[in-house]
Chemist: 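Before I ask anything, let me first share the structure, which is written out below as structure tokens.
Keep in mind that the numbers below use all heavy atoms, side chains included, and drop hydrogens, waters and symmetry copies.
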Amino acid sequence: HLANSIGEVLHSISILSEDPTEAVFLANNVSKLSPIIGNLIERRIPGILKSVDNGGLIWRRQDPGFPDAGLFDAKGTFLNAGFEVKAWFPLSTEMTGRFKESQNLLRGKEIDIVVVAWMLSDVVFGTPEVIDILIVPALEVAESRDYKYHNPPDYLCEEPQETSQRTRNLQQTNVSGYKLQEKSAVERLSAIYAEPIAKKAPSCTQEGIDLTSRLQSEAKYRLDTNFAKLARVGSTPISEFTMKVLDLKFKGATIDTWREVFQSVDDKKGIAEIPTLLQNLYKSN
């Protein structure tokens with residue numbers, strides 16, 4: 001049912017442009033609409049799934065809350081199943097949506113990440129439309145993320161604290177990434193913690209959690225604000241989806257070609273220096 005949304009036009013938003021010299025500016029800024037597009041998709045998922053025979057169960061959007069669309073029983077109890085939505089405008093530099101949910105809090109749950117790739121109907125102006133959708137198990141993405149990032153003593157993935165007794169809005173569920181700031185400390189820490197480091201215990205295990213805590217007490221680490229961007233988590237399905245989308249033909253060229261066009265022009269140049277592909281796009285509309 002979600003896959004059937006490919007090709008859907010989201011009429012809630014429209015971007016107007018009559019001048020090709022605006023194109024680069026739009027290409028660099030339209031991606032800021034992704035949170036709005038994501039919210040529109042989140043809102044529509046419960047409606048899309050209402051047509052499925054759920055045996056009396058109810059799909060409901062959670063805002064705020066995780067996942068974005070959750071499955072509930074008739075009494076309103078969350079059934080640990082749902083979809084977390086991430087929107088991606090492929091003309092942007094990379095898939096910047098982040099996923100930080102802990103492996104330990106995903107196990108035993110049926111939660112998927114839904115990556116919605118979207119374009120404007122005329123590439124950088126027009127109306128948003130869904131061009132492809134990826135659905136991948138959230139636990140699989142979390143495992144790839146932690147495996148790629150966690151590399152003690154140089155880089156640590158820190159699990160959230162135990163907060164299950166707090167009200168839901170105060171519970172900690174996100175993993176954080178920390179980069180070692182003292183290069184001179186690598187050799188010292190590697191010698192002190194040679195045995196636990198050699199074991200390569202995953203960051204989500206008790207051994208991994210204990211080692212992370214000890215290393216942070218021994219040296220200075222910096223919180224990594226770029227941690228867990230979807231483009232960098234090492235997920236094979238996400239990487240393959242990215243390549244597939246960039247290879248899609250859209251308005252006379254592949255999306256990857258459109259990216260190259262916008263990278264090659266300067267928004268301060270006159271129309272005569274705007275690539276023919278871009279000029280033709282405006283002339284045809």
Chemist: For residues Leu211 and Ile197, determine if any side-chain heavy atom of one lies less than 4.5 Å from a side-chain heavy atom of the other.
Modeler: yes
Chemist: Going by distance alone, is a donor N or O of one side chain under 3.5 Å from an acceptor N or O of the other, for Tyr221 and Glu182?
Modeler: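 Looking only at side-chain atoms, Glu182 and Tyr221 do not form any donor-acceptor pair under 3.5 Å.
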Chemist: Test: side chain to side chain donor-acceptor pair (under 3.5 Å). Region: residues 111-127. Which pairs qualify, not counting sequence neighbours?
Modeler: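 Qualifying pairs, neighbours excluded: Ser34-Trp118, Asp122-Lys251, Asp122-Asn285.
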Chemist: Checking Thr257 against Thr254: is there a side-chain donor and acceptor pair closer than 3.5 Å?
Modeler: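 Indeed, the side chains of Thr254 and Thr257 share at least one donor-acceptor pair under 3.5 Å.
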Chemist: Hey, are Lys32 and Asn29 close enough side-chain-wise for a donor-acceptor pair under 3.5 Å?
Modeler: yes
Chemist: With no hydrogens and no angle check, do the side chains of Asp68 and Gln62 hold a donor and an acceptor under 3.5 Å apart?
Modeler: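 Side chains of Asp68 and Gln62: no pair found under 3.5 Å.
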Chemist: Please check if atom NZ in Lys229 has more than 12 non-hydrogen atoms from other residues, nucleotides or ligands closer than 6.0 Å.
Modeler: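 Yes, the 6.0 Å shell around NZ holds more than 12 heavy atoms from other groups.
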Chemist: State, yes or no, whether a side-chain contact exists between Ile131 and Pro90 at a heavy-atom distance under 4.5 Å.
Modeler: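 Yes, at least one pair of side-chain atoms sits under 4.5 Å.
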Chemist: Decide yes or no on side-chain contact (heavy atoms from CB on, under 4.5 Å) for Leu189 and Leu180, but give the supporting numbers first.
Modeler: CA-CA 11 Å; Leu189 295 173; Leu180 182 64; 4.2 Å; yes
Chemist: If I compare all heavy atoms of Arg188 with all of Glu218, which pair ends up nearest, and what's the gap?
Modeler: NH2-O, 3.5 Å
Chemist: If every non-hydrogen atom of Ile255 is compared with every non-hydrogen atom of Leu91, which pair is closest and at what distance?
Modeler: O-CD2, 4.0 Å
Chemist: Step by step, work out the side-chain contact (heavy atoms from CB on, under 4.5 Å) result for Leu156 and Gln216.
Modeler: CA-CA 9 Å; Leu156 307 176; Gln216 287 179 319; 3.7 Å; yes
Chemist: Taking all non-hydrogen atoms of both residues, which atom of Lys75 and which atom of Asp73 are closest, and how far apart?
Modeler: N-OD1, 2.9 Å
Chemist: CD of Gln181: more than 12 outside heavy atoms within 6.0 angstrom?
Modeler: yes
Chemist: Classify the side-chain pair Tyr155/Asp224 by whether it contains a donor and acceptor separated by less than 3.5 Å.
Modeler: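 Note: Tyr155 and Asp224 side chains meet the donor-acceptor criterion.
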Chemist: Has Arg259 got more than 12 heavy atoms of other residues, nucleotides or ligands less than 6.0 Å from its CZ?
Modeler: yes
Chemist: Among residues two or more places apart or on two chains, list those pairs meeting salt bridge (charged side-chain N to carboxylate O under 4.0 Å, His left out) that have a residue in residues 147-158.
Modeler: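 Sorted result for residues 147-158: Asp154-Lys179.
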Chemist: Please evaluate residues Ile133 and Phe241 with respect to the criterion side-chain contact (heavy atoms from CB on, under 4.5 Å), reporting the C-alpha separation (whole Å), side-chain torsions for both, the decisive distance (0.1 Å), and the verdict.
Modeler: CA-CA 9 Å; Ile133 288 178; Phe241 177 73; 5.7 Å; no
Chemist: Would you please test Asp146 and Gln103 for side chain to side chain donor-acceptor pair (under 3.5 Å) and show each step?
Modeler: CA-CA 9 Å; Asp146 295 348; Gln103 288 187 53; 2.9 Å; yes
Chemist: State whether Arg107 and Glu143 are salt-bridged, where the test is any N-O pair (Lys NZ or Arg NE/NH1/NH2 against Asp/Glu carboxylate O) under 4.0 Å.
Modeler: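 Salt bridge: yes.
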Chemist: Measure across Ala201 and His150 and return the closest heavy-atom pair with its distance rounded to 0.1 Å.
Modeler: O-CD2, 4.0 Å
